[in-house]
Structures are given as C-alpha cells and as structure tokens.
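Here it is: the structure, laid out below.
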Amino acid sequence: MFRTRDFVLIFSTITFLLLAIGTTLLQRQSSKQVTESTLILVEDSPEEFSAEVFKREQVSREERLLALRQKIAESGELALSAPPEEVVVEDETLVSSPQGLQKCSEYGDFRGYWPVGVKLDVVEGARIAYLEGAGGGVATVLATTAVSLSAAAERNILLQLPAYPTKSAHSNCVESDVVGVAKDGSLIRNSEAGLYGVFGEATLVGYALDGFPIYGLSSYATDSCGGSVATGEYRYYLSSSREVILNCFAGLPASL
C-alpha cells in the first residue's frame, strides 16, 4: 500500500516533469514564432527603366538662316546696311577660281545627324562646336591636346577646328557637300552660296572645315579655292562667279 507521503512525492515528481516539459515546448513555440516573424519574404520585382527619345526639331534651313540674319542684325556687329570694312588684298596674282569644285574620290552628301542648338567657342587654340552638357543625345568626342579635359567633360563636342589655321602646301579636295559651320551652329552646305549670298563681304558667315573664316559675297579676286588674304588673314569669300561657296580647302579640313 502506498503511504500518503509516497503518493505526494510521486505526484510532485510527475507534476514537476509535466511543468518542465510544458515550459520547454512553450519556449520552443515562442522562439519559432519570433523567427518566423523576422523572416519576411519579398517577391522579386523587375526593375523599371525609363527611356527618353531625343526628338529632332524640325527646323528648315531657311528658318535657321533667317535666325542667323536676325542675330547678326541684333548684335550690331556687321549689319547688312553697314559700309564694308577696308580690305587690303595682299596677293594681286590671284585669279577667280579657274579649276572649279575639286571633289575627293569618295565625295558624297553628308548623311550624318547634326542637332539644333550647337554653339561655337574657342578653347586653348581650338574652335569647338558643342552642345551644352555631356550626354546630350550625341556621342561625345574625346578631346585632344588642343582642348582641355575639363572643358570636354562639361561639353558634348561635335567638331573641332583650328582657331588659328595654316595653309597647306597644296589645296585639299572636298569630301562632302558640307564645308563648314555657320555662326549660329548650323552646317554650311557648299550648294547654299545663293542663301548666304545675301550677306556682304564684311559679314562673317561662319568657319570652313579647315578653320578659315567664310565671309559674304565679294567681288575681290580669289584663288582657286575661293579665298584671298585680306587684312593679314586668309579668308574665303562668296563670289557671283561660283555656284558653290568654295572649290577646295586651303588648309587641312576636319572630318565630320
């Protein structure tokens, strides 16, 4: 027979074991809930990318030429009605373009893209045509030693011309219908002599691809390329005797 003391001892032992087992199970359950609450599954979400399409402005050549005329008139530098500056032609043996247009063997029309809003500036001996800011929709041309890296980093350079060009020992042929860049940043096509012919000989129209300046219509005698030395500077002049702006390059032209 069990005595009362033995029964109480057995009952206490069983109760202790049950409490210990229950406490252990409860702790495991709580730990599992905490672990599950800290694990948050995040579904993979595809990254979203946005693309901006650079839309080319539809501006005609006539509109850009009109804007160029207005800029020149507003600046007051060389108005169309202003009297021409005194020009001293230093080479009296020049003749008026007897050879005609000198095309390169690979001559063809320019098919590349040239954006609106191009600006001109002179940086460390180079005349650059550029867009403000890098990554403007056109591939950035790396600067050479003539243009500092800091300037190239802030500007999207499209074309680089010598600011102080020199004449070559012989003339250079014309590779395409584009022969220069106008003061407003647009391309000058060789066939547009009639459009730019509204400007006089004292008006700077733009710069040829060899870096020499291009001036308006003049009656001065020019060499076979269409230029002459005036006031100590070689420059191209438009002529009523030529259907094109220039027949060849007196210096080494840059490539577009």
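Owing to the predicted nature of the structure, the values given are computational and were not obtained by experimental measurement.
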Is there a side chain to side chain contact (heavy atoms under 4.5 Å, CB included) between Glu243 and Ser191? Walk through the geometry before answering.
CA-CA 7 Å; Glu243 296 181 356; Ser191 59; over 6 Å; no
Val229 and Arg235, any side-chain heavy atoms less than 4.5 Å apart
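Contact flag for Arg235/Val229 side chains = no.
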Check the hydrophobic clustering (I, L, V, M, F, W, Y; side-chain heavy atoms under 4.5 Å; chains of links allowed) and say if Val174 and Leu252 are grouped together.
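Not linked; separate clusters.
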According to side chain to side chain donor-acceptor pair (under 3.5 Å), who are the partners of Ser218, at least two apart in sequence or on a separate chain?
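In terms of side chain to side chain donor-acceptor pair (under 3.5 Å), with neighbours along the sequence ignored, Ser218 is linked to Glu201.
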Of all heavy-atom pairs between Cys248 and Ser171, which one has the smallest distance, and what is that distance?
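The answer is SG-CB, 3.6 Å.
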Apply the test side chain to side chain contact (heavy atoms under 4.5 Å, CB included) to residues Val181 and Ile188: give CA-CA distance (whole Å), side-chain angles for both, the deciding distance (0.1 Å), then the verdict.
CA-CA 5 Å; Val181 181; Ile188 297 178; 5.7 Å; no
To the nearest 0.5 angstrom, please state how far the CG atom of Leu101 sits from the OH atom of Tyr107.
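So the CG of Leu101 and the OH of Tyr107 are separated by 6.0 Å.
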Please, which pairs that meet disulfide (SG to SG under 2.5 Å) have at least one residue in residues 158-192, sequence neighbours excluded?
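Residue pairs passing disulfide (SG to SG under 2.5 Å), neighbours aside: Cys104-Cys173.
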Which pair of non-hydrogen atoms, one from Val179 and one from Arg189, has the smallest distance, and what is that distance?
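Residues Val179 and Arg189, closest heavy atoms: CG2-C, 4.4 Å.
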Going by ring pair (Phe, Tyr, Trp, His ring centres under 6.0 Å), name the residues that satisfy it together with Phe212, two or more places apart in sequence or in a different chain.
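Tyr234.
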Please answer whether the main-chain N or O of Leu158 pairs with a side-chain N or O of Trp114 as donor and acceptor at a distance below 3.5 Å.
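Checking the backbone N and O of Leu158 against the side chain of Trp114, no donor-acceptor pair under 3.5 Å is found.
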Which atoms form the tightest heavy-atom contact between Tyr130 and Leu120, and what is the distance?
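Of all heavy-atom pairs spanning Tyr130 and Leu120, the closest is CE2-C, 4.0 Å.
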Interatomic spacing from CG in Leu246 to OG in Ser224 - rounded to 0.5 Å
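If I round to the nearest 0.5 Å, the distance is 11.0 Å.
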Report the residues that fulfil side chain to side chain donor-acceptor pair (under 3.5 Å) with Tyr236, sequence neighbours left out, ordered by chain and then residue number.
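Residues passing side chain to side chain donor-acceptor pair (under 3.5 Å) with Tyr236: Asp210.
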By side chain to side chain contact (heavy atoms under 4.5 Å, CB included), which residues pair with Thr24, not counting sequence neighbours?
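Residues passing side chain to side chain contact (heavy atoms under 4.5 Å, CB included) with Thr24: Arg28.
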When you group the ILVMFWY residues by side-chain heavy-atom contacts below 4.5 Å and let the links chain together, are Val118 and Val122 in the same group?
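Val122 and Val118: separate clusters.
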Would you call Tyr196 and Leu238 a side-chain contact if the rule is heavy atoms closer than 4.5 Å?
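In short, these two side chains touch, coming nearer than 4.5 Å.
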I want to check something: taking the side chain as every heavy atom from C-beta on, are Ser255 and Glu175 in contact at a cut-off of under 4.5 Å?
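Contact flag for Ser255/Glu175 side chains = yes.
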Minimum heavy-atom separation for Gly251 and Pro253, please, with both atom names.
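Of all heavy-atom pairs spanning Gly251 and Pro253, the closest is O-CD, 3.2 Å.
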According to side chain to side chain contact (heavy atoms under 4.5 Å, CB included), who are the partners of Val244, at least two apart in sequence or on a separate chain?
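Scan of Val244 (side chain to side chain contact (heavy atoms under 4.5 Å, CB included), adjacent residues dropped) gives Asn190, Asn247.
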Going by the disulfide (SG to SG under 2.5 Å) test, which pairs reach into residues 182-213, not counting sequence neighbours?
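Matches after skipping sequence neighbours: none remain.
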Qualifying salt bridge (charged side-chain N to carboxylate O under 4.0 Å, His left out) pairs, either residue in residues 104-116, two or more places apart:
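Listed once each, the pairs would be none.
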Is the closest side-chain heavy-atom distance between Arg127 and Asp121 below 4.5 Å?
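No, side chains not in contact.
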State which residues pass salt bridge (charged side-chain N to carboxylate O under 4.0 Å, His left out) with Lys119; sequence neighbours excluded, sorted by chain then number.
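For Lys119 the salt bridge (charged side-chain N to carboxylate O under 4.0 Å, His left out) partners, ignoring immediate neighbours, are Glu132.
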Can you see which heavy atom on Phe110 is nearest to which on Leu187, and at what distance?
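Of all heavy-atom pairs spanning Phe110 and Leu187, the closest is CE2-CD1, 3.6 Å.
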Partner residues of Ala254 under the side chain to side chain contact (heavy atoms under 4.5 Å, CB included) criterion, sequence neighbours left out
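With neighbours one apart ignored, the set is Leu159, Leu161.
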With Ile21, which residues qualify under side chain to side chain contact (heavy atoms under 4.5 Å, CB included), at least two apart?
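Here the qualifying residues are Leu25.
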Heavy-atom closest pair, residues Tyr207 and Pro213
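Minimum heavy-atom separation between Tyr207 and Pro213: CD2-CA, 3.9 Å.
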Listed by chain and number, what are the side chain to side chain donor-acceptor pair (under 3.5 Å) partners of Ser168, not counting sequence neighbours?
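Per chain and number, Ser168 pairs via side chain to side chain donor-acceptor pair (under 3.5 Å) with Asn172.
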Leu204 vs Lys183, test: side chain to side chain contact (heavy atoms under 4.5 Å, CB included). Steps then yes/no.
CA-CA 8 Å; Leu204 174 63; Lys183 288 180 63 178; 4.0 Å; yes
